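Only one structure is covered here, and it is reproduced in the block below.
Computed from a predicted structure; not experimentally measured.
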Amino acid sequence: MEFKRRNGGPLKVGATQAKRGKTNDDWEDSPSRFEEELSMFDEAEMETEEIEGQAGHDVIPVGDLFSADLNPRWRRPPAPPLNPSSDKLVFQQIDLDYYLGATVAGMPGQVQGNVPIIRMFGVTDSGNSVCCHVHGFAPYFYVQAPSGFTSDSLGDFKRELNSVVLKDMRSNKDNISVTVLAVDITRKENMYGYHGKRMLDFLRITMAMPRLIAPAKRLLEQGFKFGAFPMQGYQSYEANIDFEIRFMVDSDVVGCCWIELPKSKYRVREEKSMGVSLCQYEVDVGWTDLISHPAEDEWQRIAPLRVLSFDIECAGRKGIFPEADKDPVIQIASMVQRQGEKEPFIRTVFTLQSCASIVGSQILCFTQETQLLQSWAEFLRTVDPDIITGYNIQNFDFPYLLNRAAALKVKLFPYLGRVRVMKSVMRDLNFQSKQMGRRENKIINMEGRVQFDLLQILLRDYKLRSYTLNAVSFHFLQEQKEDVQHSIITDLQNGNEQTRRRLAVYCLKDAYLPLRLLQKLMCVINYMEMARVTGVPLTYLLSRGQQIKVVSQLLRQAMKQDLVMPVVRPEGGEDYTGATVIEPEKGYYSVPIATLDFSSLYPSIMMAHNLCYTTLLQKEDFIKTPTGDMFVKSSVRKGLLPEILENLLSARKRAKTELKKETDPFKRQVLDGRQLALKISANSVYGFTGAQVGKLPCLEISQSVTGFGRQMIEQTKQLVESKYTISNGYQAFFYIRKYSVMVKLGVATVREAMDVGKEAAEWISSHFTPPIKLEFEKVYYPYLLINKKRYAGLYFSGSADTHEKMDCKGIETVRRDNCPLVANLINTCLQRILIDRDPQGAVAHAKEVISDLLCNRIDISQLVITKELTRTAQEYAGKQAHVELAERTQSLCWRTRFPSTHNTTWSSSCPSLLSINMHVIVFLKSSQFSNFMGLAVD
DNA sequence: TTTTCTTCCTAC
DNA sequence: TTAGGTAGGAAGAAAA
């Protein structure tokens, strides 16, 4: 449903674009292309397998739906018997969490009370689901041992800490008697700062439950006295690590890796008596007995995961957004596909009231909405998907279903995870980061299943003008939704079985498109790659920020050297200075301009100069130098961060090499996604050190990085100026941006610019410490430099004969806060100027468009499309309001911004028609244009 | 009317 | 209980 996305809070993006598609009349003529596509699935399947019983559109008793005879595809393949004494169990783990539970006989760990148990969910090669309880791993953290501490003091320390933590508890509803399980002395070194590799005694404090870590840490920090030792505050280490991450780091498990339970090392739970999950295999294992396979060679494969995509329709009242306590759910379409296969093997719609059949899909009709809901939940549990997708399911479909089921008292509905007794409930989550702004989300627990809401993925990974399913599908698939206006959904439902069929086709397509997009964008594979590279669970990638990925890698690298990470108190400091952007010489250049880039500049600086927590010489320990911060060289100690970066970048290099060899377009996309993920990960290491409200900020590192960057830019400039002088036959001009140097070499052709550019890059690189490298990247010819961070040019990189594209940076054409008309207009003008070399043509075009605009000859949809406007307009007048409002007020927005207070009417804050006129003229008239091109604009 | 503050979005 | 960074252009709103 298109309008459902209004429901999701302030970040919600706009509604459908004004689409002038086929009218309702066209629709009845012939089956849509989507229907043909659906029927093809059926034909293809009939050729390969015997015809299966299809439930058709008869009303079937609910219980019978789930019989294997009627719907053989719904269940997973039968699980072969598993004998722990002779069989190993191998599965790909896709989700990991923990719970507090009673100990299981024969498993390691505390025997008394509730203990934390790690739970992994996964799938075997043969497609059987696994739930694996991992026992014996307890949470812990460190403090530095006070001087004079020996093993004799351990007892006192433990007893006293246990006592104060117990006393600190307001209520003890779990009846905990032991909070501190163990205290051990261990040799460790503080990761922060270089101290001559001096190992010290640390106390490793093991607690009974993860939630006891925070109070223990607090009490120790505040001041703690035990035995004969005086009162003292203790700095804690690694007390702020998520328990799941702690486990994964310690057991060398990374997200989505393959797990092997060797024979005779695990126990199988008999399904009926002991099992708590819906999985086909449920096993217990000690945490030291499981084998985690690094994602290499054969262990890079992906199990045949089941991906379910669904969409719901509800019958809202006219002009009112559907409310779960009032408006019924009338259809739920579902498609299920195995990861790696091309087509969904289950295509089904649950409908309220009868519905005519649709070839290629199964229709299940219900007379009672309660039955529909309950059966769909049962369907989901039977299909047992590993991944659930859809469009905005997180903030609309799932919440709506849960609320509706609650309103109708469908008691068995909200058990959607893989743990039988675990009810799925909805929580609100406010998530705020500088990167993504404020975001209000709902979260629904669904143990063992990964929710992969395509809208959330797109919001995270792609900058798009519009995030409606229709726009996104068109953008990536050149395909659109079935044409049904939401305003007629209720009418279709109240019609006959033919009108409900039409609705069902629409609903099916909305379930199908997310699957197609997921496939096209390689989301599952790319996210798995990211989980494997950074070591975090798959779900973290969608629910958490960037920091956790660096923390995970940092801890893994640190553990190898017995380094421990301190807990730092976030304190908002002053911003540090970043890179300088030199004022460019604005203008139009009709000669080739070579661009040389420092590739992965910040990561290379960190590697070249061994910048790390572990190599930082702190000023208290050493002489204070006025010049800045000091780090030891890699010959003394190699930093963790440089190591992490080397791993990431060498993995990226491998991916790029494979990419070059690969011819299959899909695999190319995977590899491209991987190399991009690795690049992003490498770049975020720098950001992590500069994140002042973060797990381990270190401004010495981040400002040294930017400092080196500035210095390098200056050095580069000097180098080029010394060699590429006019007297040497060049006429060097530089526009030095953050990482790149643009050089006007005084050569006439693109080929020469490329050759000289490459040579210059190599020569300059030789003056820097590896792996810092300046690379020739591209030639712009011609080149229009409007301002800092705003330019356009024809882009040559491979061939010197033809340009690859017209590259526009920072100009209206690439900004999403402009309406399409402006983007198109500027784009065409730039084409005239750069490609046709016809500035007068550009002016003529602009005049023409403006005249069209004045005479109302422009399609309204080109004018009013920005995110803010559609949202705001919607809030005022409901669906499609933007079109109606625009028509009513005849306001033509070329750029839209709205006051955060919604008191102002939007029409009054809409810029007048004059704005676009002025804007274009100002743009064309600006000195950089007219001066160089002799433009005359009246 | 001019200047400053705020917001948004992009480049890197 | 959670969050990568800074620089900078452009334009609207608020303040002067």
As a test of reading the structure: which of [options] is closest to the side chain of [X], going by heavy atoms?
| X | options | result |
| --- | --- | --- |
| A:Arg790 | C:dG9, B:dT10, C:dT2 | C:dG9 |
| A:Gln547 | C:dT2, C:dG8, C:dG4 | C:dG4 |
| A:Lys809 | C:dT2, C:dG5, B:dA11 | B:dA11 |

If I take atom [atom1] in residue [X] and atom [atom2] in nucleotide [N], what distance separates them, rounded to the nearest angstrom?
| X | N | atom1 | atom2 | result |
| --- | --- | --- | --- | --- |
| A:Arg544 | C:dA3 | CZ | C1' | 10 Å |
| A:Leu596 | B:dC12 | CG | C1' | 16 Å |
| A:Tyr540 | C:dT1 | OH | P | 14 Å |
| A:Asp428 | C:dT1 | CG | P | 16 Å |
| A:Asn683 | C:dT6 | CG | P | 15 Å |
| A:Lys695 | C:dT1 | NZ | P | 12 Å |
| A:Leu645 | C:dG4 | CG | C1' | 13 Å |
| A:Asp461 | C:dG4 | CG | P | 14 Å |

Should [X] be listed as having a side-chain N or O under 4.0 Å from OP1 or OP2 of [N]?
| X | N | answer |
| --- | --- | --- |
| A:Lys788 | C:dG8 | yes |
| A:Tyr791 | B:dC12 | yes |
| A:Lys789 | C:dA7 | no |

ask   = Can any side-chain N or O of A:Ser704 pair as donor or acceptor with the backbone N or O of A:Glu700 at less than 3.5 Å?
value = yes
request  = Scan side-chain atoms only and decide if A:Tyr99 and A:Glu447 contain a donor-acceptor pair under the 3.5 Å cut-off.
outcome  = no
inquiry  = Distance alone, cut at 3.5 Å: any donor-acceptor contact between the side chains of A:Tyr527 and A:Asp461?
reply    = yes
Shortest non-hydrogen contact from A:Ala558 toward A:Leu640 = CB-CD1, 3.9 Å
query = What heavy-atom pair brings A:Leu830 and A:Leu784 nearest, and what distance separates the two atoms?
reply = CD2-CD2, 3.8 Å
note = Test side-chain hydrogen bond (donor to acceptor under 3.5 Å, both in side chains), reference A:Ser797, set A:Lys778, A:Glu804, A:His803, output is A:Glu804
task = Would you indicate what A:Gly690 reaches in the nucleic acid, counting non-hydrogen atoms under 4.0 angstrom: base, sugar-phosphate, or nothing?
result = sugar-phosphate
task = Identify whether any heavy atom of A:Val814 sits under 4.0 Å from a base atom; if not, whether one sits that close to sugar-phosphate; answer base, sugar-phosphate or nothing.
result = sugar-phosphate
task = Among A:Val567, A:Leu555, A:Val249, find the residue that satisfies the side-chain contact (heavy atoms from CB on, under 4.5 Å) test when tested with A:Glu238.
result = A:Leu555
message = For DNA chain C, please output the secondary structure as dot-bracket, reading 5' to 3'. Pairs are Watson-Crick or G-U wobble, both atom distances under 3.5 Å; mark crossing pairs with [ ], other-strand partners with |, unpaired with a dot.
response = ....||||||||||||
